[in-house]
Amino acid sequence: MHLEQIIKEEVEKAIHACLGLEDQEVTLQPTRREFEGYYTFVTFPLSKTLKKAPAEIAGLLGEYLSANSPYISSYNVVQGFLNLSPRDGVWIDVLKNAWSDAEFGGRRSGDRRPGGRKVLIEFSSPNTNKPLHLGHLRNNFLGDSVSRILSANGDEVVKACLVNDRGIHICKSMLAYKELGKGETPESSGLKGDHFAGKYYVEFDKVYKQQIADLTAAGQTPEEAAKNAPWIVEAQKMLVDWENGDPATVALWKQMNQWVYQGFDETYRQIGISFDKTYYESDTYLLGKDLVEEGLSKGVFYKKEDGSVWIDLTDEGLDQKLVLRANGTSVYITQDIGTTELKYREYGAGQMIWVVGNEQDYHFEVLFAILKRLGRSYADGCYHLSYGMVDLPSGKMKSREGTVVDADELIAQMEHTAETRTKELGKIEDFEDDEAKRLYRMLALGALKYFLLKVDPKKRMLFNPEESIDFQGNTGPFVQYTHARIRSVVRKAAQNGVEGKLPDADYELKPAERDVIHLLSQYPDRVADAARAYSPSLISIYAYDLAKTYNQFYAGLSIFSDPDPRAVSLRVALSECVARTIAHAFALLGIEVPERM
RNA sequence: GCGCCCGUAGUUCAAUGGAUAGAAUUAUGGUUUCCGGUACCAUCGAUAGGGGUUCGAAUCCCUUCGGGCGCACCA
């Protein structure tokens, strides 16, 4: 039962019957609120071929449909817009369908749709020299949610994380720790491991800046000073030592990273995010060189006199790009070529997605172009899920300047807000401490995830710590609240011995009931749309709409005191159905919903 | 300099080329003894400027202005 599809076909039949046009591709749009009806067919495009006025066409079709279609009860015409209203019996069938389907809107995880794809999605990909901040959260929530959405849509999904665990930035923290740490550990300092490493990264920067200042004062240019400062020289030496496998350096590196991973694990657990596969750059950074060889022999790449290897992409509007240095070492994009090949060999996924910020748009354009030229079959299935940065009112977040919003701190703050609000509401006085804490976490993450996911991923967004994370209006807790409220209704129904039940087709619905059913009917399409667009924001918007529409229904009609027992049963069933759909939609966002709050 | 992205109520976000551009927030006023008021209802308020394409443009094209990002033998 796919109502919109049915209505489309009815309109097609009508076009054939009264206008003589065959195989007319019909698209419907939702009727605007201010007009009567639910589905609108626009007749302007037909006007030219038929040489009839749009309103006349709409009138003919409407007349035909209301007389002949078992699905349409009424119509109205405004200019070239034909607004159609389905019969109540049709709405009730729609609700029946949703109510009897435990997986309404999506598939259970692992239930692959016929023709469903295998998708490998890489996200999170942290650096091991600093804790996660707000920007990482957007990345994590996006990757996690898209995974869930694709999975519900019947794709097989592999979640991968590529940890950036090597390079000059890690050496910086290592050096600062070696010089200033005096044997301090996360335990002894009471810091979470990732914050501990981050502290030394900041220490490095302080000392480094001072050294630059000193050298500049001694007469060097700022550029020279930046190159010659003792600590940067030392850090670079450390990187070389690491690459040569120097035992002491490697041991320190392992120790620092281990601390960081302990910290990350805790944060990941807290925000409910996990991976099927973790790659480490220390394992993959040398990959890709064999593909450079392959590219050279295929004539895709070329070598300059100094021995460096390049690809010329100027005929595609891109530039010439270095893929191997003159000294034979690889660059960032070489690694990516190699890692992509590795992923494909390991998982054979026809679709590979990278959740990476939009400052790397160009990089991925180049990467995909290279893969294509190398003749990789998977090149066309590569997709850069590019998302915008999260800005603060003060501007861009910069970790070196300390203007980042720390993820752990933010979550703790949100939990505190959740606790305050919940206590004000006073509905959970009988909760055990554990239970209450779980609820606060659920609400905190609900607010945060919803906030970061409700905006179109591609767009840059603003985060105002004071105002942005609210619990009223278009927020996660608002939707969670609606769910809890409905569950309360359902519990009361059970107590009163009222069962949710759908009436026969002759029942006349109230407009508020129709509106809710109408929205419910759209859910499976919304999930499919969100999967197609890789956009959790479509799900957020839907969940909010549904909650809001339900609240209007709830405010306008009494559930239990209606004299008609059929109305009571219907409204209980409808409520339960909305609660399930809200829970399902929020699960796709990685957000849990409470029974009570 | 070259390339890519973005300018929508005071603010934060919506709107497969369709109707009188929707929400949230802010402000003000209101909600029938009843099911959970983190709710519901009402009022105020916006497509950066200028051209063009189209029956129809916030959306597509050109242009001006304003903002962001990218153009490393960094990652």
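The model shown is predicted, which means the values in this text are computed figures rather than measured ones. Chain identifiers are assigned alphabetically (A, B, ...) following the order of the sequence lines, protein sequences preceding nucleic acid strands; residue numbering begins at 1 within each chain.
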For rG36(B), the Watson-Crick or wobble partner whose two distances fall under 3.5 Å: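 None - no nucleotide pairs with rG36(B), as no candidate has both distances under 3.5 Å.
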Nucleotide paired to rU25(B) in any strand shown, Watson-Crick or G-U, under 3.5 Å: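 When the pairing criteria are applied, rG10(B) turns out to be the nucleotide that pairs with rU25(B).
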Any K458(A) side-chain nitrogen or oxygen under 4.0 Å from OP1 or OP2 of rC6(B):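 So the side chain of K458(A) is outside the cut-off, no N or O lying under 4.0 Å from OP1 or OP2 of rC6(B).
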How would you list, by chain and number, every residue that makes a ring pair (Phe, Tyr, Trp, His ring centres under 6.0 Å) with [X], sequence neighbours excluded?
| X | answer |
| --- | --- |
| Y554(A) | none |
| Y542(A) | Y523(A) |
| F141(A) | none |

Listed partners of D283(A) passing salt bridge (Lys or Arg N to Asp or Glu O under 4.0 Å), at least two apart: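 D283(A): no salt bridge (Lys or Arg N to Asp or Glu O under 4.0 Å) contacts found.
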With K303(A) via salt bridge (Lys or Arg N to Asp or Glu O under 4.0 Å) - residues at least two apart: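 Counting only residues at least two positions away or on another chain, K303(A) forms no salt bridge (Lys or Arg N to Asp or Glu O under 4.0 Å).
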Report, one line per pair, each donor and acceptor closer than 3.5 Å where one atom sits in a side chain of residues 48-59 of chain A; sequence neighbours left out.
{"residue": "T49(A)", "atom": "OG1", "partner": "L46(A)", "partner atom": "O", "Å": "3.1"}

Euclidean distance for C1', rU43(B) against rA48(B) (whole angstrom):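 These two C1' atoms come out 28 Å apart once rounded.
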rG18(B) and rA58(B), which share atom name P, separated by this distance in whole Å: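 Pairwise P distance, rA58(B) against rG18(B), rounds to 10 Å.
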Mind listing the N/O atom pairs, protein and nucleotides 31-37 of chain B, below 3.5 Å?
{"residue": "rC35(B)", "atom": "O2", "partner": "F560(A)", "partner atom": "N", "Å": "3.4"}
{"residue": "rC35(B)", "atom": "N3", "partner": "I559(A)", "partner atom": "N", "Å": "3.1"}
{"residue": "rC35(B)", "atom": "N4", "partner": "Y554(A)", "partner atom": "O", "Å": "2.7"}
{"residue": "rC35(B)", "atom": "N4", "partner": "L557(A)", "partner atom": "O", "Å": "2.8"}
{"residue": "rG36(B)", "atom": "OP1", "partner": "S488(A)", "partner atom": "OG", "Å": "3.1"}
{"residue": "rG36(B)", "atom": "O4'", "partner": "K427(A)", "partner atom": "NZ", "Å": "3.4"}
{"residue": "rG36(B)", "atom": "O2'", "partner": "Y481(A)", "partner atom": "OH", "Å": "2.9"}
{"residue": "rG36(B)", "atom": "O2'", "partner": "R485(A)", "partner atom": "NE", "Å": "2.6"}
{"residue": "rG36(B)", "atom": "N7", "partner": "S488(A)", "partner atom": "OG", "Å": "3.0"}
{"residue": "rG36(B)", "atom": "N1", "partner": "M597(A)", "partner atom": "O", "Å": "3.1"}
{"residue": "rG36(B)", "atom": "N2", "partner": "M597(A)", "partner atom": "O", "Å": "3.2"}
{"residue": "rG37(B)", "atom": "OP2", "partner": "R485(A)", "partner atom": "NH2", "Å": "2.6"}

Pairs flagged by salt bridge (Lys or Arg N to Asp or Glu O under 4.0 Å) wherever [range] is involved - sequence neighbours left out:
| range | value |
| --- | --- |
| residues 318-340 of chain A | none |
| residues 529-540 of chain A | D529(A)-R532(A) |
| residues 480-490 of chain A | R487(A)-E595(A) |

Footprint string (nucleotides 12-18 of chain B, 5' to 3'): B base within contact, S backbone only, - free, heavy atoms under 4.0 Å: SSS-B-B
For S124(A) against N139(A), the heavy-atom pair lying closest together: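 Where S124(A) meets N139(A) most closely, the heavy atoms are N-OD1, 2.7 Å.
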Can you pull every protein N or O that's under 3.5 Å from an N or O on nucleotides 41-44 of chain B?
{"residue": "rC41(B)", "atom": "OP1", "partner": "Q552(A)", "partner atom": "NE2", "Å": "2.8"}

Donor-acceptor pair (no angle test) under 3.5 Å: T40(A) side chain, rA19(B) base: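 By the distance-only test, yes, there is a pair.
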